[in-house]
Visitor: 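Questions regarding the structure given below will be posed in turn.
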Amino acid sequence: MIKLSEKIGYGLGDMSSSMFWKLFGAYLMIFYTDVFGMSAAVVGTMFLITRVWDSLFDPVVGIIADRTESRWGKFRPYLLCLAVPFGAFAVLTFYTPDIDDTGKIVYAFITYSLMMMVYSAINVPYASLLGVMSPNPQDRNVLSTFRMMFAYIGSFLALLLFMPLVNTFTGGNNAQEVQQYGWLMAVVVFAVACTVLFLMCFAFTRERVKPVKVEKTPLKTDIRDLLSNRPWWILLGAGIASLVFNSIRDGATVYYFKYFVDETAFGDVTIVGIPFVLSGLYLAVGQASNIIGVVAAAPIANMIGKRQTFMWAMIIATGLSIVFYFLDRDQLEMIFLLQVLISICAGSIFPLLWSMYADCADYSELTTGNRATGLIFSSSSMSQKFGWAIGTAITGWLLAAFGFQANAVQNADTIQGIRIFLSLLPAVGTALSVIFIFFYPLTERKMQEVANELEKLRRQ
């Protein structure tokens, strides 16, 4: 039985990484276009190149982690050693150097690439930790629920507080240099908090599951086993499609409220004495709704199965995203209501995905005799990066194609494109994820058989 403190400790790790995952997804593109000073097309291309490379780097981290031996285990040492670099590179990513435009592009490519490599180097082992904390599928569902619940709490806090922090450090001054300083200092606050959270995750968690076969296997064997794992391929496709859905919605939100809704016309919304902008509230409401989905995922999955829960959540999200397209700028109640409903659906699928990746690792061990937890879980991170890369690249390129100009009044084509970013394009991603997950074969009954067989082998 895993103690509550360890469940919370495991959740703190994704609370940390999710803060910056959401800050990158919601604010990094508009930071680069409206604060840093890059064109949307260049930003889209940079995101695609750096994130595809970073995605390919994930399996390398998984392979190395699988072969790591230390007194802290295979995966926990990375939390200890990379917590500080994680925070440091996050700050460098949001720093604007006083150099020419070409130099800025080079700086952005380098710092963002390094940040995402460090993100992979700490997050892949963190994700893999789920597979070795307990061999019990029910424990994994609970751990995955704690993980995603804390992830969305972290995302909620980041999205709710980031712009108020920026406004605090800028004092309401919209001068470019002051804005650059405000964004940087707001990131510093989150970087310090995230570093501490990763260190707490290291301190509170333990590794328990030992492989049936203790001798090391050749790398080509690990890769061969992975490529022959059909459930893994299905989850990879579903994960990429789901992240395309999420990344497009997150990346376009600030543009939607700044240029279509015109949130400045509504002014700040004050809650407990703190002024919030509409886009920040919209994103924060989405994260709070994600938490509802996370909490609901485990009991629903226990009743109807992970595959059915995932599929129906994405079917509903597809329909609601299409409805979102028909909303006008003054229908704020409906805009926020659909955000709540779509986000509940989105929140419910991610704990299921992580739990299913753990199932894939068990299935692979039983069918091949080889356990490569880090390599299996690195694929989940890889699918996130690919989905994020595709979604943000599409956003950047289409913004440019629609004639987007930073900090200017947009034409009708640009506004139409921005509306599509929060509705029809995400619906394509959710529909694709439904198609993939329809073919997923590891039912609850099948996984119980797998767990029983592995337990027999460990006793021999």
Side-chain angles (χ1 to χ4, degrees), residues 22 25-26 29 44 47-48 152 234-257 259-261 279 282-283 285-287 289-290 292-294 296-297 307-329 331-350 352-353 383-384 386-399 401-402 404 413-440:
K22 280 300 179 182
M29 177 168 282
F47 280 166
L48 181 64
Y152 286 125
I234 292 171
L235 286 185
L236 185 69
I240 291 174
S242 301
L243 262 296
V244 168
F245 154 72
N246 260 354
S247 63
I248 291 177
R249 292 187 79 242
D250 284 350
T253 290
V254 180
Y255 292 96
Y256 184 85
F257 278 89
Y259 297 108
F260 174 59
V261 174
S279 57
Y282 176 90
L283 289 166
V285 164
Q287 294 309 296
S289 303
N290 284 152
I292 298 174
V294 169
R307 173 178 167 274
Q308 289 293 105
T309 304
F310 187 110
M311 191 159 53
W312 278 108
M314 289 293 91
I315 289 172
I316 295 170
T318 302
L320 294 175
S321 296
I322 293 171
V323 172
F324 198 101
Y325 173 75
F326 297 98
L327 299 181
D328 204 353
R329 71 185 71 211
Q331 294 180 276
L332 287 180
E333 294 87 355
M334 285 300 299
I335 288 173
F336 274 79
L337 175 61
L338 286 184
Q339 167 71 336
V340 168
L341 298 177
I342 293 171
S343 298
I344 290 174
C345 293
S348 67
I349 68 167
F350 288 106
L352 302 177
L353 270 175
S383 71
Q384 284 191 332
F386 269 126
W388 198 14
I390 294 168
T392 51
I394 288 173
T395 303
W397 292 338
L398 288 182
L399 276 173
F402 288 133
F404 171 77
D413 287 341
T414 306
I415 294 298
Q416 178 74 351
I418 290 173
R419 293 177 66 194
I420 290 173
F421 288 142
L422 263 73
S423 54
L424 302 183
L425 282 177
V428 173
T430 52
L432 287 174
S433 72
V434 171
I435 294 172
F436 276 108
I437 211 68
F438 177 80
F439 296 99
Y440 183 71

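Given the structure is predicted, the values throughout are model-derived calculations rather than measurements.
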Visitor: Could you give the distance from CH2 (W397) to CG (L48), rounded to the nearest 0.5 Å?
Guide: 4.5 Å
Visitor: State, to 0.1 Å, how close G347 and V294 come at their nearest heavy-atom pair, and which atoms those are.
Guide: O-CG2, 3.3 Å
Visitor: By side-chain contact (heavy atoms from CB on, under 4.5 Å), which residues pair with L337, not counting sequence neighbours?
Guide: M334, L341
Visitor: With salt bridge (charged side-chain N to carboxylate O under 4.0 Å, His left out) as the rule and sequence neighbours excluded, what pairs involving residues 337-347 come up?
Guide: none
Visitor: Got a sec, which residues hit side chain to side chain donor-acceptor pair (under 3.5 Å) with Q416, two or more places apart in sequence or on another chain?
Guide: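 For Q416 the side chain to side chain donor-acceptor pair (under 3.5 Å) partners, ignoring immediate neighbours, are Y325.
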Visitor: Measure from NZ or CZ of R307 to the centre of the six-membered ring of F438, then state whether that distance is under 6.0 Å and the direction lies within 45° of the axis.
Guide: yes
Visitor: What's the separation between atom OH in Y440 and atom CG in L353, rounded to the nearest 0.5 Å?
Guide: 9.0 Å
Visitor: In chain order, what residues pass the side-chain contact (heavy atoms from CB on, under 4.5 Å) check against T414, with sequence neighbours excluded?
Guide: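 If we apply the side-chain contact (heavy atoms from CB on, under 4.5 Å) test to T414, skipping adjacent residues, the hits are F402, F404, Q410, N411, I418.
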Visitor: Does the side chain of I335 come within less than 4.5 Å of R329's, by heavy atoms?
Guide: no
Visitor: Quick one: salt bridge (charged side-chain N to carboxylate O under 4.0 Å, His left out) pairs with a partner in residues 417-432, sequence neighbours left out?
Guide: none
Visitor: Sequence neighbours left out, what passes side-chain contact (heavy atoms from CB on, under 4.5 Å) with V428? Give chain and number order.
Guide: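 In terms of side-chain contact (heavy atoms from CB on, under 4.5 Å), with neighbours along the sequence ignored, V428 is linked to L432.
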Visitor: Determine all donor-acceptor pairs shorter than 3.5 Å in which one atom belongs to a side chain in residues 311-319; sequence neighbours excluded.
Guide:
residue: T318; atom: OG1; partner: M314; partner atom: O; Å: 2.7
residue: T318; atom: OG1; partner: T430; partner atom: OG1; Å: 2.6

Visitor: Looking at OG of S279 and OH of Y255, how far apart are the two atoms once the value is rounded to the nearest 0.5 Å?
Guide: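 If we round to the nearest 0.5 Å, S279:OG and Y255:OH are 12.0 Å apart.
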Visitor: Taking only residues two or more places apart in sequence, or in another chain, which ones meet Y256 in a side chain to side chain donor-acceptor pair (under 3.5 Å)?
Guide: none
Visitor: Only pairs at least two apart or in different chains count here, so list each salt bridge (charged side-chain N to carboxylate O under 4.0 Å, His left out) that has a residue in residues 319-328.
Guide: none
Visitor: What heavy-atom pair brings A297 and T309 nearest, and what distance separates the two atoms?
Guide: O-CG2, 4.5 Å
Visitor: If you compare all heavy atoms of V254 against all heavy atoms of A26, which two are closest, and at what distance to 0.1 Å?
Guide: CG2-O, 3.6 Å
Visitor: Can you list every side chain to side chain donor-acceptor pair (under 3.5 Å) pair that touches residues 236-250, not counting sequence neighbours?
Guide: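 Matches after skipping sequence neighbours: K22-D250, R249-Y282, R249-Q339.
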Visitor: Considering all heavy atoms of both residues, which atom of Q331 and which atom of F326 are nearest to each other, and what is their separation?
Guide: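 Nearest pair, atom of Q331 first, then F326: OE1-O, 4.0 Å.
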Visitor: Roughly how far, to the nearest 0.5 Å, is CD1 of I292 from CD1 of I344?
Guide: 4.5 Å
Visitor: Looking only at non-hydrogen atoms, find the nearest pair between F245 and S321 and report the distance.
Guide: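 Scanning both residues completely, I find the closest heavy atoms to be CE1-OG, 4.1 Å.
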Visitor: May I ask you to decide if S343's main-chain N or O and N290's side chain share a donor-acceptor pair within less than 3.5 Å?
Guide: yes
Visitor: Mind checking the CG-CZ spacing from L320 to F324? Nearest 0.5 Å is all I need.
Guide: 10.5 Å
Visitor: Using the test side-chain contact (heavy atoms from CB on, under 4.5 Å), find all partners of I394 that sit at least two apart in sequence or belong to another chain.
Guide: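 In terms of side-chain contact (heavy atoms from CB on, under 4.5 Å), with neighbours along the sequence ignored, I394 is linked to I390, L398, L425.
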Visitor: What distance do I234 atom CD1 and S433 atom OG have between them, rounded to the nearest 0.5 Å?
Guide: 13.0 Å
Visitor: Shortest non-hydrogen contact from G429 to A241?
Guide: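 Distance-wise, the nearest heavy atoms are O-CB, 3.3 Å.
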